[in-house]
Each structure stands twice: as C-alpha cells, then as structure tokens.
K.L.:
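Here it is: the structure, laid out below.
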Amino acid sequence: MDKYQPKNIEQSWYQKWESGKYFAPQGNGPTFSIAIPPPNVTGTLHMGHAFQHSLVDSLIRYRRMKGDKTLWQMGTDHAGISTQLLVTERLAAQGIKPSDLGREKFLEKAWEWKEESGDTISRQLRRLGASLHWDTERFTLDEGMSEAVLEVFIQLFEEGLIYRGERLVNWDPVLTTSISDLEVISEEENGHLWHFKYPIVDSDEFLTVATTRPETMLGDSAVAVHPDDERYKALVGKFVHLPLTDRTLPIIADRYVDSEFGTGVVKITPAHDFNDYEMGRRHDLELINILNPDATLNNDVPEAYRGLDRFDARKRVIADMDALGLLHKIEDHKLAVPRGEKSGVVIEPYLSDQWFMAMKELAEPAIRVVEEGEIEFVPKAYENNYLVWMRDIQDWCISRQQWWGHRIPAWYDEAGNVYVGRSEEAVRAKHGLAADISLNRDDDVLDTWFSSALWTFATLGWPEKTRELEEFHSTDVMVTGHDIITFWVSRMIMMTLKFTGEIPFKKVYITGLVTDAEGQKMSKSKGNGLDPLDIVDGISLDALIEKRTSNMLQPKMAARIEKATRKEFPDGIDAYGTDALRFTFYSIATSSRTIRFDMKRVEGYRNFCNKLWNASNFVMMNTLPLAADAVSGDKTLSVVDHWIVSEFQKTAAAVERAMQTYRYDLAAKAIYEFVWDELCDWYLELTKPVLYNEAATAESVRATQFTLLSVLEATLRLAHPFLPFMTEEIWQQLPEEIRGGGETIMLQSFPEADDNLINENATADVAWLKAVVTASRNIRGEMDISFAKEIPILFKNGNDTDKARLERYESLLNFLIKPESLTWLEAGDDTPVSATHLVGEMQVLVPMSGLIDKGAEVDRLNKEIDRKEKERARAEGKINNPSFVDRAPADVVQKEKDKLVDLATALQQLIAQRERVESL
RNA sequence: GGGUGUUUAGCUCAGUUGGGAGAGCGGCGCCCUUACAAGGCGUAGGUCGCAGGUUCGACCCCUGCAACACCCACCA
C-alpha cells in the first residue's frame, strides 16, 4: 500500500456508497431513525454542524451495521428571516430594492438562491461522509411541508389555539417585522438615566421621572407611584403636564412601581414598553403609538419630532427638555438592551396586529413526557432548562412581516372579517361567500420555526398516513445544540404530540458548543471560525486570511483577525482528511458544555489514522497473497493470538457500552488504545518472531496470519462508524475469504463482544511477557545502554510459573529484547552484581560489569526503594488502624495485607541489591 | 435577582455503584531496529479550586465559600 494519503482514498467511496443505495433503509431489523436538524439553506456548514452530523453519522452507521432498518432523514430549512436578509443584501449589491421587484419576483430570486446554496451544504455533508438518505430529501418550504403547515394552522385556528390580535410585540425596525421573544438577545450595555421634571398641574411643583428612553415620553399616558409611597400619596389622582406636548397625564398608583428606584416615579408609555402595557391595561390607559414601522416618529407626536429617527428624536427631546429647564440630571446607567438576533439593531416593543399561538395547553403534555421519562435528555441536566422554560411558556407570536416563508392561510373581506382555510376557494365555499365579495389574503408569513416544529413527522409524509410514518416515527434520537432547545426541541415535542399523539424522539442528545482554542465562540464577525472542509482538504495561510477577512464591515477588525490568524496558523492548515477530523470530534465529545477545538488533537488523530493504515499494510504484507489453505487449513492459535482476540472482545464491549450511553469519547478512546497500545505496540511485534522465523511450522504461521487478518478485519468494522473512509478502503483490500462476500463494509455486521473468546490465561501470560520486556527496556533506558548492544539477562527468585513462562516465551523474549542471553538462576546459583527490576517477586537482572554505571543504578534503586517505602507506609497505616480492619470489607483488608507482604519482600530485595551495588 | 455547569499534570481533557491519580499534546533523554520519524523506547511533572462535614477510607457523597462560563428574568 502507498503512504496514508486521505485525499487519495476519501474522494471516491462516497459516490460508490450513494450510487449503491447503501444509505437507504433496508432489511427486516428493528427500525432506527433520526431526522437531521435541517441546516439553513443560506449557509455553509460550520464546525458545530460538522461536529453534530459526525456524531449522528457514527450512530447511524453503527445501527445500520447492527442490522437495524435505518433512516437518516435529510432536509434543509428555508430559514425565513436569514434568507430574506441575504437575498435582500445580494439584490442591494446590484442596486435593487425588494420593493422594486415585488413579492412574486423577489420570491423567484430567493428560490434561485436556495438552489445554489443548497448544493454547498449537500456537498459538504457528503465530504464528511454523512450517510444520509438523500432520496427522500425534504425542504421546509416544499409542497409536502406546505400541506402539513396548512393542516396544522387550520386545525389550531379552529380550536382557538391560533388567534389574531393587536398586541405589543418585539419589533425589528430594520427588518420591519415582528420577532419572537427568543429572537431577542438582551445584553447589558452602558447607557444613561435621564431625569425629567414634569410640572404638576395647578401647582408650582414638579414630579421627576427617570427614563432610559427619553423619546418615548411623547407617548406617555400616565405617571405612576407606589400606593404606599408617603412622598407622593397625596398626588395620586392629580395630573401632570407632559412637557413638549399639550397633554396632561394622570398620576396613578400601582404596586409595580419600586419606590427605591430612581425617584420612585415612573412615566408610563403603554404602547412602547411591556411593563407599561400591562399597567396600561390595569388602569385603562390610552395606548399612544408614536412610531412608524421603521422606528421613525409618526404623526401622533408634535410636529417638530415627526419623521425623526428614534435616536435623533431622543437627542432632540433631551435638548428641548434641557432648554425648558426640565432636565433635572443625567446619570450613567447600565441597562439590558434588547437587540434583534439577526439584524443586531435595538428592538422596539411595538403595537401591531399579529398572529399568536396559545402555548399553555400545548405545553402540558410536552412537560409530562419529559417529567415521566418518555423523552430523555442527555446530559440529564438540560431537562431542567427545558422544564423551567416550558412551565412559564408565553404565547408565541408566529406571524412575520416577510415574504419568504409559509404564507398565512387567512383571507379578509372588506369589513375586516377573517377567514382561515386551505385556499380562497375553500374559504368561499365554507363560508358561503359570494363571488362579488372581494377577499384579500394575509400578507404575512409564519415564523420559520413553525414548519420546523413539524419536522420529524411531516418529513415522513404526514398528514398522509404513509408507511414511512408508521415505520420510522417516533424517531429515536435528536442530536442538537443547547441553544436550540427552546426554539426547536420544545416546539417539536408540543406539535408532534398534538398532531400525531406520539413523541417526536425518544432521546435528546445535547452536544457541547464547539469553540476555538481560546474558548471563544466561533463566529464570522470574530473571524475565528473554521470551515470543516479546510481541515479536511487543507488551506494556505493566505487563503485562510482572505476567507476570514472578506466582507468585513470594519477594516480595523480585519487587521486584527489577520494578525491572530497568522499567529495561530503560521503555515496554514494541513490536509488532515475527513477520518481524522471525525475521529477528533468523537474524542472531544465529552459531556462538557463547551468544547475547545484544538488543531493539535486533529494532528494526533491523523497520526492515529496513519498508524492504523500502516498496521494494515503490515498485516497485508505478511499475509497476502493468501495461501490456498489459509482459512481452511489446521491452525492452533498461540497464546499471543488468544490474547489479542481477548483484547478485541473487551474493546468491542467497551465500544458497545459507550454507544449505548452516547459517550463517543469513550468509544473513540477504546478503539484508539486497542489499535495503538495493544495491536500495534505488542501484537504486531509478537507476530514477527513467528512470521520471520524460517523454522516456524506452517500451522503456526497460518494461525498467526489468520489471527492478524481476522482481528484486523473485525477492527475495521468496529472502527467504521468513526473512520468510514479508510476502513472501507482497507477492508476492500482484504481477501474475500476473510471479509466475506459483501460489497461494502458499511453493510457488514458490527462486531459483538463474545465473552467465550476471552482467555484470561493468555491475558495473564502476555501481561507477564510485557512486564519482563518492559523491565529490561527500563534497565536499558535508564542505564543508557544502546539498543544495538546485546546484554545478558538473568532471572532470579522466580516461582514455577515464572520458570515455565520463561521457557515457553524464550523465543519471543529473544526477539523483543535482543539479549545476549536469557538465563534462569536457581536459588543457590552465584549472582553477579546487577541492575534489577522486579516482575512480581522475580528479579530481572542485567549484570553490571562493563555495562552499567554504578552511581546511576544506586540512584535508580533509591528512587524505587523510596516509592515502595511510601506505599508500605500507607498500607501499614491502614492495617494498623483497628477500625479499618474491623469495618472495611474483608477483601479490601486482605488486599492491603497481601500488598504489605509483597512490598516487604520487594524492599528486602531492593535494599540487598543496593548494598551489593554500593559495595562494588 | 433566580438557575445550571465547570474547577484534576505546563496545555486540552478523561476518571462509570467511595478502596493504590490517567490520556493526548508539550518537555527532557536515547534511537533513522526491515508496517509506521505522521515512528520506537524510556523519563520528569499533580496538597484533584478553598474550608468544613459524613466515612475505617473522599477526585468521587453532603454543606459553605471563591473563580470562571452559560441560561432565564419586566426594574423605569
């Protein structure tokens, strides 16, 4: 085989798998299904996606190999606001405004963009090896989804769970649409608290109010104080004059007011603040909307302010109040500023007509299924997040003043009556509306998450009663990030229960958030993001800088990003290949909430891939072409063969356990350690004395070759879910007699641990063998004896088992240690002064004459004695503690006693040894 | 203000019913030994955040504290 070059082996397999239809559900096993969290069509896959989808793919491949009828449902999301924003920006680059095009033409452009961008995602997923069932790929805006959305909307409307009303909603003045609570990100920012004096009517006095948003005073309809506030009690029921206007405001009392804060007097602006809105309802206050949809001031404010942007109006109001002597003071003040998740601009509470979904009733069963364990979160801690949010759920504003999305199936007549139905015809028919009554369809579309919420069942054909729905729903697992539990997971659970009576999935596996090496969230604006394919294919430093700094809004940032990038990746990024990247993802998929992505890890796992590749090369070099009787001929497995077979069983069991508990890190670790530490470091070395020995019997060679091949073959299957490409490549090169007749490793059975193949005697023998080899290597290493120098090795004070083992494994030891001689000493034999290591009670000795540095050996012995002394002191402490002996379990006590005896013997030997060396 | 999570070797992290602290990377030393220098062999390095408690015994269980991270919340 050539050197390990992922580029050469990862390109072609995916196509073969796909054209072979291997990703389709097949067989008669139990079903296993996962619906992909649909990537947004607008985007490209980032590290978080690659991470999640890699985890899912291993699970899917694992179940498929276990014989399950497995479906990984593919699809993408139309991502309403994001896509509309992107398309708008693209048009703007050509000098076109959406309004120039009109709704229909704009949507054509959006669809064009969707086709283009969807390809990118598909290509990326394929490069990652994701074994998705492409044939039934869906899109949240396709016909079937539209059908499902209609069905759901109409039913919920008819049940009164969807309603329309004028409410205060979160309004994005740049996107000019409402958004949901979840799409508002509040962050603490530095601001000011302006204290304004409002003159009290029929008095020379003032009430001073404090506000963070001065411009809203133009929409005030009251001022409020706490009913128990002695300072203001007498004023309740009186009025103040609202400066800059000709209006007067009542002074009201409400328990909501905090007397301690500011002046204890609050201006009330019911149309522009959520709290004030509630207070306005309690006190029947006037709602005065002072803003246009783009957050300029409307005609309900005094002429001087009309048409001003809200922030210009703020300056103007402050200046005017100051001029009137009514600006009492300005304080610095930290406040939580709500910003739109997508646009980044300050969100306004804004009064408008919107559609809402009543959530309380839907939430109840969705809370229950989690409380009762029907749906489990992994890690469990996230269940709390979910439950807390669900128990306090608010109605969901589902309408968006956008074009790209599912248009709301509602029509209005001229009188403003609303009719909901599948189509205008259906509505007319149902309500008996004559043809001469003109109907206008609602312009708004639904929040993207409305259709996403139907994902698990609508992708399987609902509302039709399809066989797929019957077979694959509920799905088994949902793998996603914690940031999306409220947006998506919760809504899927609610809607799926409501419309199918089933849970959407049995488990919710919440992955950690992938950050950069510094623990910073990867993002475009920070310029610290990585494209997973750049790790797969490699990228030059210049190209990476270009990628990270292009389309930057601030040139200053670009310079900083370039500097950081040059520092972090001075030579760009190597091409590590998909397998290495995937294996890295599994290894770092711990239960931690954030996961730092470190390129060093990728390098390490690329090395691991290389190791497995070379080991396979070794196996094939020494077994192929396969002799005619290689499989059929007699073979007696050696102890070493039995040992590696045993180790493999233990590894398979560990992987199985890990997969059951979603501990991908442990699965990866088990495979890594088996391949590197056992298979490569020991077993392959231990086969050489057989394979390279001209005197070896045909039978023993056959057994060794067979074991090499069969263990490798099984290892490839075990590793395939994690390293899909290289395992397939190598597996295909194995002889059919070994791998069976299958077309692809993908559809082979997943190795199951067989306890009957675990041979503890073999394990013990090999452990002894390793200990002896390690002991002599230690002496070599510590005494600085070169590997080329052949040294005599003596064994003393061993028991019968040691002696038998030495005889049995002499040739192996000769090969591994390359000694001048191996000599068993009986108790009475003369023993030269030697460097010593203990294997159990047996001494492994290397005579010092001419070889060994006396001082170094004394140092080494001192260190060893020191270590053993400490251990003995600890054990003695325990044994001499009566309560330990009385209360600890007998086996634990016995273990300590045994240890003490062993240590005493060992120490005695070491001290005697030290004396002998010192006396030289 | 409420809630959750994290704190273990220089760095990044494992540690599965409480019973002798581990890995990878990095460091140091030796080795181009015929699968692999993307390698081999050896080696150094830790009062397991702090303080109490339970226990014969605590990285692990309980309490408190600290630092960091994240989530939720209407303080003008």
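Just so it is clear, the values below take in all heavy atoms, side chains as well, and ignore hydrogens, waters and symmetry mates. A note on names: the letters A, B, ... follow the listed sequences, proteins ahead of strands, and every chain is numbered from 1. Bear in mind the structure is a predicted one, so any value in this text is a computation, not a measurement.
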K.L.:
Looking at U4(B), I'd like to know if its phosphate oxygens (OP1 or OP2) sit under 4.0 Å from a side-chain N or O belonging to Lys380(A).
P.N.:
no

K.L.:
Go nucleotide by nucleotide along RNA chain B from the 5' end; which of Tyr605(A) and Pro6(A) gets its closest nucleotide reached first?
P.N.:
Tyr605(A)

K.L.:
Considering just the side-chain nitrogens and oxygens of Trp676(A), establish if one lies under 4.0 Å of OP1 or OP2 belonging to G40(B).
P.N.:
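Indeed, a polar side-chain atom of Trp676(A) lies that close.
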
K.L.:
Do Asp220(A) and Thr269(A) have side-chain atoms, one donor and one acceptor, less than 3.5 Å apart?
P.N.:
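A pair is found: one side chain offers a donor N or O, the other an acceptor, under 3.5 Å apart.
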
K.L.:
Does C30(B) have OP1 or OP2 sitting under 4.0 Å from an N or O in the side chain of Arg780(A)?
P.N.:
no

K.L.:
Classify the side-chain pair His226(A)/Asp254(A) by whether it contains a donor and acceptor separated by less than 3.5 Å.
P.N.:
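Side chains of His226(A) and Asp254(A): no pair found under 3.5 Å.
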
K.L.:
Examine A14(B): is either OP1 or OP2 under 4.0 Å from a nitrogen or oxygen in the side chain of Thr590(A)? Give yes or no.
P.N.:
yes

K.L.:
On a plain distance test, is the side chain of Lys600(A) in donor-acceptor contact with the base of G26(B) below 3.5 Å?
P.N.:
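Counting by modelled atom types and ignoring angles, no donor-acceptor contact under 3.5 Å is found here.
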
K.L.:
Identify whether any heavy atom of Tyr382(A) sits under 4.0 Å from a base atom; if not, whether one sits that close to sugar-phosphate; answer base, sugar-phosphate or nothing.
P.N.:
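Nothing, no nucleic acid heavy atom in range.
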
K.L.:
Using the P atoms only, state how far U16(B) lies from U54(B), rounded to an integer number of Å.
P.N.:
25 Å

K.L.:
Would you tell me if any nitrogen or oxygen in the side chain of Arg255(A) comes within less than 4.0 Å of OP1 or OP2 on C75(B)?
P.N.:
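False: Arg255(A) side-chain N/O out of range (4.0 Å or more) of C75(B) OP1/OP2.
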
K.L.:
Once you apply a heavy-atom cut-off of 4.0 Å, does His333(A) come out as touching a base, just sugar-phosphate, or nothing?
P.N.:
sugar-phosphate

K.L.:
For Val885(A) and Arg596(A), find the nucleotide of RNA chain B closest to each by heavy atoms; which residue's nucleotide sits nearer the 5' end?
P.N.:
Arg596(A)

K.L.:
Ile393(A) has an atom CD1; how far is it from atom P of C72(B), in whole Å?
P.N.:
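Computing the Ile393(A):CD1 to C72(B):P distance gives 14 Å.
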
K.L.:
Checking Glu189(A) now: which residues fulfil salt bridge (charged side-chain N to carboxylate O under 4.0 Å, His left out) with it, not counting sequence neighbours?
P.N.:
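With sequence neighbours excluded, Glu189(A) shows a salt bridge (charged side-chain N to carboxylate O under 4.0 Å, His left out) to Arg339(A), given in chain and number order.
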
K.L.:
Do Asn614(A) and Asn610(A) meet the criterion of a side-chain donor-acceptor pair at a distance under 3.5 Å?
P.N.:
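Yes.
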
K.L.:
Roughly, in whole Å, what's the span from CZ in Phe274(A) to P in A73(B)?
P.N.:
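So the CZ-P distance, Phe274(A) to A73(B), works out to 12 Å.
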
K.L.:
Grab the stems for RNA chain B, please: at least three consecutive Watson-Crick or wobble pairs, both distances below 3.5 Å, written as range with range.
P.N.:
B:1-7 with B:66-72, B:10-13 with B:22-25, B:27-31 with B:39-43, B:49-53 with B:61-65

K.L.:
Taking atom P in both G42(B) and G57(B), what distance in whole Å separates the two?
P.N.:
38 Å

K.L.:
Would you measure the distance from the C1' atom in C61(B) across to the matching atom in G18(B) and give it in whole Å?
P.N.:
8 Å

K.L.:
Rounded off to whole Å, could you give me the CG-to-P distance for the Asp598(A) and C13(B) pair?
P.N.:
9 Å

K.L.:
Does any N or O in the side chain of Asn881(A) come within less than 3.5 Å of the main-chain N or O of Ser883(A), such that one atom is a donor and the other an acceptor?
P.N.:
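Present.
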
K.L.:
So what does Ser587(A) touch, heavy atoms closer than 4.0 Å: a base, only the sugar-phosphate, or nothing?
P.N.:
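No contact.
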
K.L.:
Any cation-pi pair here, Lys380(A) with Tyr382(A), using under 6.0 Å and within 45°?
P.N.:
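Output no; distance or angle outside limits.
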
K.L.:
For RNA chain B, what residues of residues 606-624 of chain A have any heavy atom nearer than 4.0 Å?
P.N.:
Arg606(A), Asn607(A), Asn610(A), Lys611(A), Asn614(A), Ala615(A), Asn617(A), Phe618(A), Met621(A)

K.L.:
Can you tell me, in whole Å, how much space there is between the P of U34(B) and that of G27(B)?
P.N.:
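These two P atoms come out 25 Å apart once rounded.
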
K.L.:
For the CZ atom on Arg281(A), are there more than 12 heavy atoms of other groups (residues, nucleotides or ligands in this structure) within a distance under 6.0 Å?
P.N.:
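12 or below, so no.
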
K.L.:
For A35(B), does OP1 or OP2 lie under 4.0 Å from any side-chain N or O of Tyr692(A)?
P.N.:
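Checking Tyr692(A) against A35(B): at least one side-chain N or O falls below 4.0 Å of OP1 or OP2.
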
K.L.:
At 4.0 Å (heavy atoms only), tell me whether Lys521(A) reaches a base, stays on the sugar-phosphate, or touches nothing.
P.N.:
nothing

K.L.:
Please give, in whole Å, the distance from G24(B) C1' to Tyr672(A) OH?
P.N.:
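From Tyr672(A) OH to G24(B) C1': 6 Å.
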
K.L.:
With sugar-phosphate meaning primed atoms plus P, OP1 and OP2, does Pro889(A) contact a base, only sugar-phosphate, or nothing at under 4.0 Å between heavy atoms?
P.N.:
base

K.L.:
Describe the nucleic acid contact of Ile268(A) in one word from base, sugar-phosphate, nothing, applying a heavy-atom distance below 4.0 Å.
P.N.:
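No contact at all - Ile268(A) keeps every heavy atom at 4.0 Å or more from the nucleic acid.
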
